[in-house]
Amino acid sequence: MTTRIRTAESRAGRSPGSVTLIAVSKVQPDDRVRAVLDAGHRAFGENYVQEAQGKWPVWRAQYPGVSLHMIGPLQSNKARVAAGLFDAIHTLDRMSLARKLAGLAADGVVLPDLFVQVNTGDEPQKAGVLADELPGFLSACADLGLSPQGLMCIPPEAGDPIPHFRLLRSLAADHGLPQLSMGMSADFEAAIAEGATHVRVGSAIFGARDYG
Ligand SMILES: *Cc1c(COP(=O)(O)O)cnc(C)c1O
């Protein structure tokens with residue numbers, strides 16, 4: 001996997017190591033995750049606060065240097081726990097969550113790095129701020145004292161993801177945001193070519209997820 005990342009970086013004229021590979025370990029059996037930790041990988045992504053809370057405190061203690069990324073929808077009532085558990089939240093997708101996070105910061109909680117999730121495909125069932133609404137959302141975040149470092153998207157399942165990666169990149173450039181969380185198992189190389197700084201790769205590292 002690292003070789004594929006390095007090749008994609010070099011093809012895109014990006015420096016080696018400029019892309020963070022987030023190994024998405026949600027729902028994966030512990031032995032598969034441990035194998036990746038033992039191999040030296042340290043950046044992981046989880047979708048569910050409760051699942052992450054159940055396994056990562058122990059692994060963090062055993063494997064120094066882990067960085068943990070929240071990539072799933074975050075309920076406001078889990079924001080405090082998430083802020084303590086994760087180094088980055090990629091799914092800041094609505095004002096109520098922004099207000100909740102700002103309130104935690106006011107209480108002295110050190111917030112993780114924040115990415116705003118953008119619903120680039122305008123999909124009604126999908127979370128995320130619409131592209132049209134992003135400027136207003138970001139300025140409201142700034143008013144609350146939040147300073148997101150980047151944008152995140154999950155392109156529609158069908159169709160070409162590249163226009164979505166390009167849209168995300170141009171939105172980030174418009175707002176001077178340096179980080180781009182985009183690209184999954186099926187399309188992370190294309191995402192790197194379009195400027196991803198963080199790719200979220202699950203099944204291509206761990207094998208298929210078994211939700212049974
Ligand atoms: C599960 C998940 C991934 C990883 O998906 P794969 O196709 O297994 O690489 C990436 N991003 C998000 C937001 C996810 O929920």
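Each ligand, and each atom within it, is numbered from 1 in the order the structure gives. This structure is a prediction, so every number in the text was calculated from the model and none was measured.
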Kindly list each side-chain donor-acceptor pair under 3.5 angstrom involving residues 95-114, sequence neighbours excluded, with atom names and distances?
| unit_1 | atom_1 | unit_2 | atom_2 | d |
| --- | --- | --- | --- | --- |
| S96 | OG | R94 | NE | 3.2 |
| D107 | OD2 | R80 | NH2 | 3.0 |

Hey, can you pull the donor-acceptor pairs under 3.5 Å for the side chains in residues 133-157, sequence neighbours left out?
| unit_1 | atom_1 | unit_2 | atom_2 | d |
| --- | --- | --- | --- | --- |
| S139 | OG | G136 | O | 3.2 |
| Q149 | NE2 | S147 | O | 3.4 |

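Counting heavy atoms from C-beta on, the side chains of H90 and Q117 never come closer than 4.5 Å.
A donor and an acceptor atom, one from each side chain of S181 and H198, are nowhere located under 3.5 Å apart.
Sequence neighbours left out, not one pair with a member in residues 10-30 passes ring-ring contact (aromatic ring centres under 6.0 Å, His included).
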Table of N or O contacts for ligand 1, cutoff 3.5 Å:
| unit_1 | atom_1 | unit_2 | atom_2 | d |
| --- | --- | --- | --- | --- |
| ligand 1 | 8 (O) | S203 | N | 2.8 |
| ligand 1 | 8 (O) | S203 | OG | 2.8 |
| ligand 1 | 8 (O) | R209 | NH1 | 2.8 |
| ligand 1 | 8 (O) | R209 | NH2 | 3.2 |
| ligand 1 | 9 (O) | S185 | N | 2.9 |
| ligand 1 | 9 (O) | S185 | OG | 2.5 |
| ligand 1 | 9 (O) | G202 | N | 2.8 |
| ligand 1 | 11 (N) | R200 | NE | 2.9 |
| ligand 1 | 15 (O) | K26 | NZ | 2.7 |
| ligand 1 | 15 (O) | N47 | ND2 | 2.8 |

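Not less than 6.0 angstrom separates the ring centroid of F44 from the ring centroid of W59.
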